[in-house]
A.B. asks: 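Supplied in structure tokens, the structure appears directly below.
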Amino acid sequence: MKIYDTLSREKKEFLPMEGRRVKLFVCGPTVYDYSHIGHARTYVFFDTMASYLRYKGYHVFYLQNITDIDDKIINRGRNEKRDPLDISLEFMLHYFNDMRSLRVDSVNIYAPATYFIDRIIDQIQRLYDLGYAYETDDGVYYDVSRFREYGKLSHQSLDMIRAGARVEVNENKRHPADFALWKKRKEGEPFWESPWGEGRPGWHIEDTAITEYYFGPQYDIHGGGSDLIFPHHECEIAQMEAVSGKKPMVNYWMHTGLLTIRQERMGKSMGNVINIREILKNVEPELLRYFLLSSHYRSPVDFSYERIDEIRQSWEKIVIAYRKILKKESKEGESFIDDIRKYRRMFEDAMDDDFNTPEAISAIQLFVNFINKNMDGMGMGDIEESIKFFNDIDSILKIIPSGRVAEERIIELILSIRKMARERKLYDISDYIREKLRENNINVEDMQEGQIWYRK
RNA sequence: GGGUAGGUGGCAGAGUGGCGAUGCGCGAGACUGCAGAUCUCGUUUAUUGGGGUUCGAUUCCCCACCUACCCUCCA
């Protein structure tokens with residue numbers, strides 16, 4: 001298995017530090033608003049990745065932080081005259097809800113920053129003691145000039161960073177690129193006690209404090225959106241490698257390409273943010289996942305409802321084939337086992353190559369074509385093997401919808417009535433039932449074995 | 001200005017130093033109570049432009065142009 005590493009800029013053979021154990025950390029969101037489809041892009045991918053690693057037999061410890069204290073949260077609290085921590089709690093719960101809707105269920109632990117304040121302070125203290133940090137009137141800052149390799153992840157030198165700086169220089173800082181480890185309390189802000197007085201953590205320190213707590217100073221994979229490469233992940237490296245004296249902090253840096261909307265970056269200022277909860281009113285979660293996974297995770301994805309409509313057909317083809325084969329009855333025997341395994345191998349080969357989901361999906365499409373062509377001649381062994389493959393695909397990509405059990409039973413009941421009508425050639429009744437179901441987005445099809453249905 | 005990743009058929013989107021996947025769309029046919037699904041066949045010069053390396057490049061190198069992202073909070 002190969003994984004592309006942002007730091008070395010190459011695909012590297014994947015070798016966990018300890019046998020089959022994989023320590024995976026992915027930067028979670030800042031919870032000051034509803035999660036949008038850009039978040040969906042990143043977290044759906046890492047969910048698929050973690051699921052695939054588990055499918056391959058790795059024991060994955062998937063850890064994700066939640067930034068529940070920062071400027072944006074405080075600002076919102078100020079505007080709404082609410083406790084900022086109340087706001088972050090609210091949107092953290094919305095985030096969990098959205099993730100559940102998207103069938104993201106592979107994260108072992110979500111770690112909110114405010115739960116780790118003591119760890120954060122402890123790490124800052126050690127940086128301070130080692131001479132990597134200095135105190136000013138408004139906080140404690142990391143001294144980037146002390147860390148020679150600052151910029152190695154984004155492939156920039158400190159001079160370049162200084163030259164390109166667009167921001168006004170904070171007078172308190174020794175170098176423009178120095179960043180806050182601890183921010184001293186301002187009026188009306190949440191705060192915690194620390195050796196430097198009351199205040200709150202800077203943004204970058206929570207991740208290294210949390211990962212050090214769970215994983216230690218070194219671990220396997222660190223992921224996030226590619227907008228986090230600089231400065232966020234750069235700062236994490238500077239913190240962790242300075243504190244521990246060990247490097248590398250992680251062996252594989254993985255970054256997802258960003259999602260654009262009609263070729264424009266999504267953002268508050270563009271007024272084009274689409275929230276997950278909003279899009280899921282119109283688009284099935286599995287279809288959204290299918291769309292997101294049909295581009296490679298490192299490429300940008302361009303979203304529009306037109307695109308969703310365009311791929312809907314190919315997505316349904318997979319779903320329909322699955323439901324057909326579930327219904328298929330057959331005789332003993334197996335004649336296509338080798339073919340079916342061949343498609344599974346194609347799928348795995350694609351995923352093994354830096355999680356090439358578009359190519360993996362292409363293997364699924366070929367598999368579906370094969371099934372559609374040969375289903376009638378398949379024996380029981382073939383069908384079982386096919387269903388197993390579909391189930392495995394769905395446990396990884398999660399692109400095949402399944403309904404609620406109670407609802408399914410009622411639909412089955414209605415369909416049994418339709419079957420009786422058809423047997424008596426009461427086609428006006430059977431067509432009426434089919435039409436009414438379709439109005440409720442349930443499509444019914446007649447095939448030799450009987451009726452199959454699926455959500456449209 | 002600096003950094004990073006790219007520019008492939010009507011659309012989306014992979015791969016590869018030597019017949020350019022896959023799906024959608026489009027056209028024709030088969031099957032079918034109807035519908036739907038599915039199958040078969042077809043779909044015009046598709047690899048940004050210019051150099052270079054090579055027997056041969058879409059793939060490697062250089063230049064140009066273009067796009068996205070980062071250099072400020074951001075998945």
Side-chain angles (χ1 to χ4, degrees), chain A residues 4 6 9 26-30 32-33 35-46 64 67 70-72 75 151 153-157 159-168 176-177 203 223-232 234 255-260 263-269 273 290-291 294-296 298-302 306-307 309-318 320-321 323-324 346 350 353 356-366 368-369 371-376 422 425 427-428 430-431 434-435 438 443-448 451-454 456:
Chain A
Y4 181 87
T6 307
R9 286 187 273 194
V26 174
C27 284
T30 300
Y32 72 106
D33 206 340
S35 304
H36 52 66
I37 54 179
H39 296 114
R41 202 277 158 102
T42 294
Y43 300 128
V44 162
F45 167 71
F46 283 111
Q64 196 175 110
T67 302
D70 97 316
D71 291 347
K72 285 196 290 287
N75 284 339
L153 183 67
S154 56
H155 308 285
Q156 290 169 289
S157 70
D159 292 343
M160 283 153 57
I161 292 164
R162 189 198 291 267
R166 285 189 245 152
V167 213
E168 80 300 343
W203 177 35
S226 50
D227 52 345
L228 298 182
I229 295 173
F230 186 91
H232 186 52
E234 207 72 76
H255 293 99
T256 51
L258 297 194
L259 182 142
T260 54
Q263 315 286 3
E264 278 186 331
R265 80 156 298 176
M266 180 172 58
K268 281 264 161 69
S269 51
V273 174
Y290 181 77
F291 165 75
S294 60
S295 295
H296 187 84
R298 283 189 277 121
S299 307
V301 192
D302 190 52
E306 288 77 27
R307 289 275 156 74
D309 288 338
E310 279 169 20
I311 62 150
R312 176 165 224 118
Q313 198 62 35
S314 69
W315 172 69
E316 284 178 348
K317 188 171 168 181
I318 295 169
I320 291 167
R323 297 201 71 103
K324 278 185 180 172
M346 285 172 69
D353 182 15
N356 192 333
T357 51
E359 207 175 323
I361 287 173
S362 158
I364 296 168
Q365 288 165 338
L366 288 169
V368 164
N369 286 344
I371 283 199
N372 282 332
K373 201 179 306 183
N374 298 296
M375 196 164 6
D376 288 335
R422 290 186 76 233
K425 297 200 190 307
Y427 293 125
D428 52 336
S430 64
D431 287 356
R434 183 172 62 194
E435 194 46 45
R438 181 181 314 198
N443 265 39
V444 180
E445 281 178 31
D446 297 308
M447 47 185 266
Q448 275 185 344
Q451 311 169 84
I452 65 143
W453 66 273
Y454 52 91
K456 188 85 178 164

A.B. asks: What integer distance in Å separates A:Arg422:CZ from B:C34:C1'?
C.D. replies: 9 Å
A.B. asks: A:Tyr427 on top of B:G33's base, within under 5.5 Å and under 30°?
C.D. replies: yes
A.B. asks: Calculate the interatomic distance between A:Arg312 atom CZ and B:C11 atom P; express it in whole Å.
C.D. replies: 22 Å
A.B. asks: Of A:Glu445 and A:Thr42, whose closest RNA chain B nucleotide lies nearer the 5' terminus?
C.D. replies: A:Glu445
A.B. asks: For B:A35, does either OP1 or OP2 sit under 4.0 Å from a side-chain N or O belonging to A:Arg438?
C.D. replies: no
A.B. asks: Starting at CG of A:Leu153 and ending at P of B:C71, how long is that distance when rounded to a whole Å?
C.D. replies: 14 Å
A.B. asks: Determine: side-chain N/O of A:Ser157 to OP1/OP2 of B:G2, distance under 4.0 Å, yes or no.
C.D. replies: no
A.B. asks: Summarise how protein sits on nucleotides 19-29 of chain B as a single string, 5' to 3': B when a protein heavy atom is under 4.0 Å from the base, S for sugar-phosphate-only contact, - for no contact.
C.D. replies: --BSSSS----
A.B. asks: Once you round it to whole Å, what is the distance between P of B:C73 and NE2 of A:His232?
C.D. replies: 11 Å
A.B. asks: Specify the separation, in whole Å, of atom CZ of A:Phe230 and atom P of B:G3.
C.D. replies: 14 Å
A.B. asks: Would you kindly give the CG-to-P distance between A:Asn443 and B:G36, to the nearest whole Å?
C.D. replies: 10 Å
A.B. asks: For B:G23, which nucleotide in any strand shown is its Watson-Crick or wobble partner with both distances under 3.5 Å?
C.D. replies: B:C11
A.B. asks: At 4.0 Å (heavy atoms only), tell me whether A:Gly38 reaches a base, stays on the sugar-phosphate, or touches nothing.
C.D. replies: base
